[in-house]
Every structure is written in C-alpha cells, then in structure tokens.
Undergrad: 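The structure under discussion is supplied below as structure tokens; questions concerning it will follow.
So that the names make sense, note that chain A is the first sequence line, chain B the second, and so on, each numbered from 1.
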Amino acid sequence: MTTSREMRAVYAETLVRLVESGRDIVILEADLMKATGTGPFAQRFPSRAVNVGVAEANLVGVAAGLSAGGKIPFAATFACFASRRAYDQFFLAANYAQLNVKLVGTDPGVTAAFNGGTHMPFEDLALMRAIPRLTIAEPSDPVSLAALTALAADTYGCWYLRLQRKPAPVLYEEHEQFTIGRAKVLRTGSRVTLVALGALMVREALAAADMLALEGIPATVIDALWLSPLDEQTLLSHMQCGCVVTCENHRIVGGLGSAVAELIAEKAPGTRLARIGVAADRFGEVGTQDWLAEHFGLTAPHIAAAARALVNGSEQAQTEPAGTGTDSRYH
Amino acid sequence: MNLSERSALERKAREIRGLTIEEIGYLGVGHIGGAMSIVDLLVLLYHRHMRIDPANPAWSDRDRLVLSKGHAGPALYAVLADKGFFPIDWLLTLNRGGTSLPSHCDRTKTPGVDMTTGSLGQGLSTAAGLALARAMDGLPGFVYCIIGDGESNEGQIWEAAMFAAHRRLSNLIVFADWNGMQIDGYTREVIDMDDITAKWTSFGWHACMVDGHDFEAMDAAIQEARERATPGREKPSIIILKTIKGKGCSFCEGQVSNHNMTYGIEQTMQALQALGVSPRLIPELLAQGR
Ligand SMILES: Cc1ncc(C[n+]2csc(CCOP(=O)(O)OP(=O)(O)O)c2C)c(N)n1
Ligand SMILES: [Mg+2]
C-alpha cells in the first residue's frame, strides 16, 4: 500500500532540517503561516521566521532584500497571490536583480477548492514561465518535494515552487536522486506518452495509463517535475510513439501544454498533441476539489479519452491521405 | 433611534447570525469569525441606511456596498436572502459546485452583490472608483465599503486612502472591522497598526472609532459621516468598529483560531439555541432526510 503524507508538513520539516545542517534560510509568510504549515519551523527558529502580514508585494520585496543581505529566503503565500499580486516585485527586485529568492505558491489550481474562483490560480505557471532564467518546479510527492526544496536551498537563483499543501501519496523511494531540469519516467508504454505536472495530475495520469492498458494501449507516464528548464531530452526521446498528452492543473495557455507544443513545433513536428488542463476561456470556480477536477476535465477518464482519440487518429492518419486528421485538442 | 427601533435591529441581527451559522454549518467549514463580527453593521446598513430594491438589484440609483473583506460573504448572503434578493434556500448551496454563493463575493454570481472581492486590499480602490463615477455623474447616494484590520496591512488600502482624500470623495463611507485578529493571530502581534484613527486622520479622512456591536453608536457615526457630503466639508469617512471576531456564535466568539472553522449540525443547533433563535434552513432538510 502506498502511504500519503501532508505536503506542507514535509515542506516545513525539510526547511528545519536544512537550517539544522547550516543553511542560512529565512522563511517569510503573509498571514498564511497557518495554511502553509510552517508553524513548527517558526517555533524551532523564531528569529528565522518573518510574518509580514497580509502584504504580498512587501513579502517578495523583503525577501529580495534578505537575499541581497546574504540570506536564503523562502517566501510563501497562496499561488494566486504569489504570482498575480507580487509579480512585478518578483520579476524586478528578485529575478532581474539576479538575487536568490525562493517563492512558494500554495494551493495551485483546483486544490484551492472552497476558496473559489478568486483564489484559483490557473495562470501562475504562465506568468512565471515568462520570467527569464527562473527555475519553476512542481513536486509530485513528498519525496520529490523534500528533494526539490533542498535543491532550491543549495542552488543560487530565483525559484518558483508550486506546492499542493494537502496529502499526496509517496511515489518515489526515499533516496531517489533528483536533478534540476530532469523529468522522471514513471512507466513506459509504446503507443502514447502522458506528461503530467504536480501531484494531482501525476496521479490522474497514472490512473489513465491503467485504463488505457486495459484497452491495449500501453502508455508512457512522465512526471515532468520541472516546467523550466523543461526536460526536452527526455520528452523528445518519448515522442517517437507520435502521440503526447500533457496534463496540468492549470489553464492550457502558457503552462506545460504550451511549453510542450513549442517543443513539438520546433523539434518534433508531426507529433500529435492533446492538452489536458483548464480550457483557455475559463476562470476558476468554487467547489470541492473532486468536483472541480471533474468539472474542468482534469481527471483520468478525460486523459484516457484524449489519449485514445490521438492514438485512433494517428492510425487513421496512416491509412488515409495526409491532412485529414481531426483536431487533436481535447477542449 | 428609539428603543423599539433598536430592539428590532437587535432581533434581526440575531436572526442573521443564526442564518449565517446554519449556512456555513450545513457545508461544514467556513469563515465564521469574520462573518459574525460584521453582522450588526450589515443589519444596520441594509435595514436602516441603504437605498436598495431587492426586486431590482441592478437599480442604478441604489447605494452600493463593497465587502472588501470578501471572505465574510456568507454574512452578506444571509442578509440579502433575508431581504428577498434571492430564495433563502440558496444559502444551503454555499460553496457547492455550480453555486451562486461562492466563499468570496462575486458580482457576476449573486444578486445584490455589488463588487467582486476576495483578494484583500482591492475592494477599497474599487469602492473609490464607484464613488468617483457617481460624483462625476452628480448622482446622490453613498458607496459603503467594509475592510478588515488584517486587510489593512495591504499597501493598496493606503494607496486608495490617499486617492479618496485627494479627490474629496465624501460619498464614500468605509468601515474597518477592528476585531483584533487575522489568520496567524492577534493583529498587534502580526503587524501592529498602532493608533489607527490617527493614521486615517493624517491621511485626510474623517475618522472615528465606535463599538461595532452598538447600533446607536454606529448609527450616530454614520449620520455624522453622511454630513461630510455637505459642500465645503467634503472628506471621505472611515468608521473604525471595535468588534469581537466570532461575535454571537457560542463555539467561536473570541477564539484565536476562529478565522476558518470546521463544525457541523450539532454545534450549529447549540449556537442557535444560545442565540435564542430557531433554525430556518436545517429542520426542513432534516425532514427531507438530507
Ligand atoms: C491578497 C490576499 N492575501 C491573503 C488572503 C488570505 N486571507 C483571507 S482572510 C485573511 C486574514 C484577514 O484578516 P482580517 O482582514 O482581519 O479579516 P477578519 O478578521 O475580519 O476575518 C487572509 C490573510 C487574501 N484573501 N487576499
Ligand atoms: Mg480581523
């Protein structure tokens, strides 16, 4: 049986461990410490925990200053505010100024659930991907979260870590090694490649692969982990099957689906692509996470249907004259 | 305000508290603390001061309310439902998929909600814009806005403060819900706002502080604020309300972790009993076996 762990608890205890082993980390919160779950860190290292109140622009600005002063700041707030509310501060004071700020956006996409549309970030990755040299990652399980947090602390430069706070099942062995910009191939299959980002979508992609296997459609499942730098090498080497489905808890504009579309257009033309994610014209809504995931078409059956359509389409394309393939876009 | 008017408002406030507790309790989780602290104010505004027409929520001459601390939406929904803006049983759909009543106020979804809020600090700027539009068109009436004390940490609050004072937006009346708490604890321990009345006064506003659970005191403060609309004296007004987070909800009043609480039907019923009001939504559901 797979065990689950609360992601925020892993985040907090990893930071404690990193400070214990000598890293000069300061955590910053904007009146959401209870949500981020960094209370235990603040108790252990009160002088290394800064709460700026409900003030996200100041949160990121102070983090940039702490970085200029030699600290390693980890600033956290809901992903909607981390991206939309403090974008210029993060762009300029942190990234353009070439500092070392780690920005953590919690409650990504539909995991914002009962906080509703105003709090539901379907564009944070798109915004972040527009910033030069920024490292962008979304851990998929407790092990990768701990490893990526440690990598962030030990690698100079700005990072955006997209963090689901809620429990997630353990996918990796305890001592699995992670490298910046290297995705993980979780399963291989010859007919279609599913590329997923984040705990929720990796879980759904694995479930979709199970469904497809029963239908005789073996699927590769890749845990992307990094949106920037994107692991082009791993992705390209699994595009030989000719069919790729991207899976993201984000609008299909500007995030993983867009990044893979760009990669295909430039380096693997002819590969068929379907993007699973929130449709381009939709805003977030309120509801349970499960209701929202279904409502926005993010669940395994939607992924499997998109994969099936691609595979069937590519078979047709082989038997019919060129140019008759159907539009592969799912939404 | 005479005695019978006051006791009518007090009775209405108890009813609205009961409805709000039922609304959130039926879902099982929600922003109960900050909803309870503004119930008295909402009742006073909607039952005594605001020019509105429940049958015509889009009436262009109506007064406006921007609930900048948008997470207190459930209290506003209870007031609006009770006023007849929409059927009362909508309250049982709070935060359910497809609902018209999302956790944070949304002008596109809820009849009677004038502005979309939820990202703290933004509502006051939009209220200033609404007030400016009315001033430009020479329209009468007021724009009311409710902000939180934690929310007052946001820089945008103070940008709006400078703007409204500079433009002498005397048709703008703001309430600051000074309940002394935000998510991570007491406001004085997170970011101490010190002498808040002095701060607003120095920003060029007419500012005062009153008990936010005292109808007469609030009523007098609103009257005085309205007088700021007379030529020559124009200033925007802020009424800082000393309140208790969770006020009137037995299991939540004054507790430090009452920002967002998980509770169920049993606690709902106990709280209603303590308030001395009968449940309006839940018995019907229980009867239906839901
Ligand atoms: C820009 C922004 N940052 C953070 C939040 C999350 N949040 C919701 S309520 C809240 C605390 C607000 O405290 P206060 O204004 O005092 O509200 P009240 O005590 O009246 O509930 C926070 C941080 C938010 N909604 N918007
Ligand atoms: Mg407060």
Side-chain angles (χ1 to χ4, degrees), chain A residues 27-39 42-43 46 49-62 76-89 107 110 112-121 283-296, chain B residues 24 27-31 68-71 73-74 93-110 115-123 147-159 181-193 256-257 259-260 262:
Chain A
I27 64 158
L28 293 101
E29 297 282 348
D31 198 27
L32 284 171
M33 182 178 275
K34 273 192 189 146
T36 317
T38 46
Q43 256 166 3
V50 178
N51 199 326
V52 301
V54 195
E56 295 74 17
N58 195 43
L59 173 89
V60 175
V62 172
T77 179
F78 288 160
C80 52
F81 306 132
S83 55
R84 305 193 305 242
R85 199 72 199 255
Y87 192 68
D88 192 38
Q89 285 76 16
D107 300 55
V110 295
F114 279 167
N115 270 328
T118 55
H119 287 54
M120 199 156 287
F283 286 107
E285 290 176 41
V286 76
T288 61
Q289 183 179 311
D290 288 347
W291 185 88
L292 291 162
E294 184 53 41
H295 183 65
F296 287 112
Chain B
I24 297 174
L27 180 73
V29 60
H31 295 110
S68 191
K69 41 167 277 188
H71 57 282
T93 69
L94 181 74
N95 288 352
R96 313 240 167 204
T99 186
S100 298
L101 306 182
S103 58
H104 297 81
C105 293
D106 190 325
R107 67 185 289 275
T108 69
K109 294 201 164 65
T110 316
M115 187 49 80
T116 299
T117 54
S119 182
L120 292 169
Q122 297 197 17
I147 63 174
D149 46 6
E151 182 181 12
S152 301
N153 298 161
E154 287 285 0
Q156 190 176 352
I157 291 288
W158 304 98
E159 296 174 23
M181 291 188 207
Q182 53 198 107
I183 292 183
D184 285 339
Y186 295 107
T187 50
R188 63 168 192 279
E189 282 165 13
V190 180
I191 292 287
D192 190 348
M193 306 287 289
V256 212
S257 341
H259 183 78
N260 192 354
T262 302

Undergrad: So, the side chain of B:Thr262 versus the backbone of B:Val29: is there a donor-acceptor pair under 3.5 Å, distance only?
TA: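 No, because the side chain of B:Thr262 does not come within donor-acceptor range (under 3.5 Å) of the backbone of B:Val29.
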Undergrad: Determine whether a donor-acceptor pair (N or O, by modelled atom type, separation under 3.5 Å) exists between the side chain of B:Thr93 and the backbone of B:Thr99.
TA: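 Pair absent, no side-chain N/O of B:Thr93 close to backbone of B:Thr99.
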Undergrad: Looking at A:Val54, A:Thr288, A:Val52, which one has more heavy-atom pairs under 4.5 Å with chain B than the rest?
TA: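 Sorted descending by pairs with chain B, the first entry is A:Val54.
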Undergrad: Considering all heavy atoms of both residues, which atom of A:Asn115 and which atom of A:Thr118 are nearest to each other, and what is their separation?
TA: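 In terms of heavy atoms, the two residues are closest at O-OG1, 3.7 Å.
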Undergrad: Considering only heavy atoms, which portion of A:Asp31 lies under 4.5 Å from any heavy atom of chain B: side chain, backbone, both, or neither?
TA: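 Both parts, backbone and side chain.
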Undergrad: Which atoms form the tightest heavy-atom contact between B:Gly70 and B:Thr117, and what is the distance?
TA: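 Scanning both residues completely, I find the closest heavy atoms to be CA-OG1, 3.2 Å.
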Undergrad: Let me know if B:Leu27 has heavy atoms under 4.5 Å from chain A in its side chain, its backbone, both or neither.
TA: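 Contact with chain A involves the side chain of B:Leu27 alone.
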Undergrad: Of all of A:Glu285, A:Arg84, A:His119, which one pairs up most often with chain B through heavy atoms under 4.5 Å apart?
TA: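 The residue among A:Glu285, A:Arg84, A:His119 with the greatest pair count is A:His119.
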Undergrad: Once side chain to side chain donor-acceptor pair (under 3.5 Å) is applied, do any residues pair with A:Thr38, and if so which ones, sequence neighbours excluded?
TA: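 A:Glu29.
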Undergrad: State whether the side chain of B:Thr116 and the backbone N or O of B:Arg107 hold a donor-acceptor pair below 3.5 Å, judged by distance alone.
TA: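 Yes.
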Undergrad: Quick check for you: among B:Gly98, B:Gly30, B:Gly121, which has the greatest number of heavy-atom pairs under 4.5 Å with chain A?
TA: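 Maximum pair count with chain A is reached by B:Gly98.
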Undergrad: What part of B:Ser152 gets within 4.5 angstrom of chain A, counting heavy atoms only: side chain, backbone, both, or neither?
TA: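 Answer is neither: B:Ser152 stays 4.5 Å or more from chain A.
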Undergrad: Check A:Ala112 against A:Pro121 and note the closest heavy-atom contact, atom names and distance.
TA: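 Shortest heavy-atom separation between A:Ala112 and A:Pro121 comes out as CB-CD, 4.5 Å.
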Undergrad: Counting only heavy atoms closer than 4.5 Å, note whether A:Leu32 contacts chain B via side chain, backbone, both or neither.
TA: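 A:Leu32 touches chain B through backbone and side-chain heavy atoms alike.
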Undergrad: Chain A heavy atoms under 4.5 Å from B:His71: which part of the residue, side chain, backbone, both or neither?
TA: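 It is neither, since no heavy atom gets under 4.5 Å.
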Undergrad: Sequence neighbours left out, what passes side chain to side chain donor-acceptor pair (under 3.5 Å) with B:Asp184? Give chain and number order.
TA: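 For B:Asp184 the side chain to side chain donor-acceptor pair (under 3.5 Å) partners, ignoring immediate neighbours, are A:Asn51.
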Undergrad: Chain A heavy atoms under 4.5 Å from B:Ser119: which part of the residue, side chain, backbone, both or neither?
TA: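 For B:Ser119, backbone and side chain are both near chain A.
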Undergrad: Name the region of A:Phe81, side chain, backbone, both or neither, that has any atom closer than 4.5 Å to a heavy atom of chain B.
TA: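 It is the side chain, since no backbone atom gets that close.
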Undergrad: With a 4.5 angstrom heavy-atom cut-off, which part of B:Glu189 approaches chain A: side chain, backbone, both or neither?
TA: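 Neither part.
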